[in-house]
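Reminder, nothing fancy here: chain letters follow the sequence lines and each chain counts from 1.
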There are 2 protein chains.
Amino acid sequence: MERKTRQRQAILDVIVDAQRPLLAQEVLLMASVTVPRLSLATVYRNIKGLYEEGLLKVVHLPGQNPRYEPANSTHHHHFQCRQCERVFDLESCLGNMEQLAPSGFLVEDHEVILYGRCGACAG
Amino acid sequence: MERKTRQRQAILDVIVDAQRPLLAQEVLLMASVTVPRLSLATVYRNIKGLYEEGLLKVVHLPGQNPRYEPANSTHHHHFQCRQCERVFDLESCLGNMEQLAPSGFLVEDHEVILYGRCGACAG
DNA sequence: TTAGTTGCAAAAGGTTTGCCGTTTT
DNA sequence: AAAACGGCAAACCTTTTGCAACTAA
């Protein structure tokens, strides 16, 4: 990850511009608009590199392929709609997770995922 | 999942007896002791069937292969130690996840995963 | 007897890697 | 020109599936 290439820039752009975490395939599709002959391998190699540089976060939803979002986003969690399967960012976060762990355990981080119906599908 | 076979019984046994969620590979290894020519395909087919019958739960830790545990356990979440990588069950659960979602969203379920150091590793 | 199950091998689906030509610096 | 990078295809790994043989009921 030393050089600035068209591919790398396009990949980072679509991830930063998206309002939701993207699958590798979605990154490929969206970045292909700018870089037509872009390959999936390049998407994966750049995602890996960008992640190691701390520019991306990986969002793992249980049983699904990893999605990627910009790392400069603030601490937040996700909501997945069971009907349309879209993933939404949640704005707030219940702190105080420490009390869930047995005493003697050190809680450094946590992940919360909600499931249900989004506004459109619950309507 | 209509018949009671040696394979199915062995697979269910090792998952129920284990004190932690098991990977498919671990189930194969442990159940092979009872059923020597057991195949991975059979493990997966039975896990799927047992899951659909509500006898198993799937435990997804971000970025890792799914693990399986008995479904008769009460609602709980998990803690993974970043040092020894072991997974622990948590006993309690903060309810009130509804408030995290935007209004209009219907929250049906949630998942919480804590990361840090377990008692032994935090010592 | 016969429909559900198993083992094996092959197929899938997503991610990684090797090779070699291309591009950035 | 040198080193990094990208495209393509093949390799990998985990999970699923097709199929003939087996087995529980």
Side-chain angles (χ1 to χ4, degrees), chain A residues 1-15 18 20-69 78 80 85-87, chain B residues 1-15 18 20-69 80 85 87:
Chain A
M1 294 285 94
E2 315 185 349
R3 296 179 183 171
K4 178 163 61 175
T5 65
R6 284 173 308 128
Q7 289 87 343
R8 183 184 179 194
Q9 191 59 54
I11 289 167
L12 185 54
D13 282 350
V14 302
I15 295 177
R20 58 190 180 86
L22 299 179
L23 298 166
Q25 279 289 356
E26 296 179 308
V27 173
L28 175 63
L29 245 81
M30 298 169 73
S32 291
V33 176
T34 331
V35 184
R37 312 186 37 62
L38 183 63
S39 71
L40 236 199
T42 296
V43 170
Y44 279 112
R45 275 190 284 239
N46 276 283
I47 282 174
K48 188 174 194 177
L50 292 166
Y51 173 79
E52 283 164 2
E53 289 178 12
L55 293 172
L56 296 187
K57 282 183 192 166
V58 183
V59 179
H60 284 284
L61 297 191
Q64 302 182 32
N65 298 328
R67 292 171 165 85
Y68 309 93
E69 67 180 10
H78 297 94
Q80 183 168 39
E85 297 195 333
R86 282 184 297 177
V87 176
Chain B
M1 293 287 95
E2 313 186 350
R3 296 181 185 170
K4 178 163 62 174
T5 65
R6 287 173 303 130
Q7 290 86 341
R8 182 185 179 193
Q9 192 58 54
I11 289 167
L12 186 54
D13 283 350
V14 305
I15 295 176
R20 58 189 179 84
L22 298 180
L23 298 166
Q25 279 288 355
E26 297 179 308
V27 173
L28 175 63
L29 244 82
M30 298 169 72
S32 291
V33 175
T34 330
V35 184
R37 312 188 37 63
L38 184 63
S39 72
L40 236 199
T42 296
V43 171
Y44 279 112
R45 276 190 284 236
N46 276 282
I47 283 175
K48 189 173 194 175
L50 292 166
Y51 173 79
E52 282 163 2
E53 288 178 14
L55 292 172
L56 295 186
K57 281 183 190 164
V58 184
V59 178
H60 284 286
L61 296 192
Q64 303 181 34
N65 296 330
R67 292 170 166 85
Y68 308 92
E69 66 180 10
Q80 184 170 38
E85 296 195 335
V87 177

Between P66(B) and P36(A), which is nearer to the 5' end of DNA chain D once each is assigned its nearest nucleotide?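 The 5'-side residue here is P36(A).
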
Map T5(B) and R45(B) onto DNA chain D by nearest heavy atom, then report which one ends up closer to the 5' terminus.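 By nearest-heavy-atom nucleotide position, the 5'-most residue is R45(B).
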
Within this structure, what is the [atom1]-to-[atom2] distance between [X] and [N], rounded to whole angstrom?
X	N	atom1	atom2	value
Q64(A)	dG13(C)	CD	C1'	15 Å
K48(B)	dG4(C)	NZ	C1'	16 Å
N46(A)	dC5(D)	CG	C1'	8 Å
I47(A)	dT16(C)	CD1	P	9 Å
N65(B)	dC12(D)	CG	P	18 Å
E52(A)	dC5(D)	CD	P	12 Å
Y68(B)	dT14(D)	OH	P	12 Å
Q25(A)	dT16(C)	CD	P	13 Å

Compare side-chain N and O positions of [X] against OP1 and OP2 of [N] and report whether any pair is under 4.0 Å apart.
X	N	result
R6(B)	dT23(D)	no
R8(B)	dA24(D)	no
S39(B)	dG7(C)	yes
Q7(B)	dG7(C)	yes

So does R3(B) reach the base of dA25(D) with its side chain, donor to acceptor, closer than 3.5 Å?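 A donor-acceptor contact between them is absent.
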
Please report the shortest heavy-atom distance between R8(A) and T5(A), naming the atom on each side.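 R8(A) and T5(A) have their closest heavy atoms at N-OG1, 3.1 Å.
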
Between V35(A) and A10(A), which heavy-atom pair has the shortest distance, and what is it?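 Reported closest heavy-atom pair: CG2-CB, 3.8 Å.
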
Distance-only, no hydrogens or angles: does the H78(A) side chain make a donor-acceptor pair with backbone N or O of V87(A) under 3.5 Å?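 Looks like no, no N/O pair under 3.5 Å.
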
Given dT6(C), dA9(D), dC5(D), the nucleotide with the shortest approach to the side chain of E2(A):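 Nearest to the side-chain atoms of E2(A), counting from C-beta on, is dC5(D).
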
Passing candidate, side-chain contact (heavy atoms from CB on, under 4.5 Å) with V27(A), options N46(A), I11(A), L12(A), L40(A):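 Going through the options one by one, the only one that passes is I11(A).
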
Hey, which of I15(B), I47(B), L50(B) is the one that makes side-chain contact (heavy atoms from CB on, under 4.5 Å) with L55(B)?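 That would be L50(B); it is the only one of I15(B), I47(B), L50(B) passing the side-chain contact (heavy atoms from CB on, under 4.5 Å) with L55(B).
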
If you look at every strand shown and take non-hydrogen atoms under 4.0 Å, does L40(A) touch a base, only sugar-phosphate, or nothing?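 Contact class for L40(A): base.
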
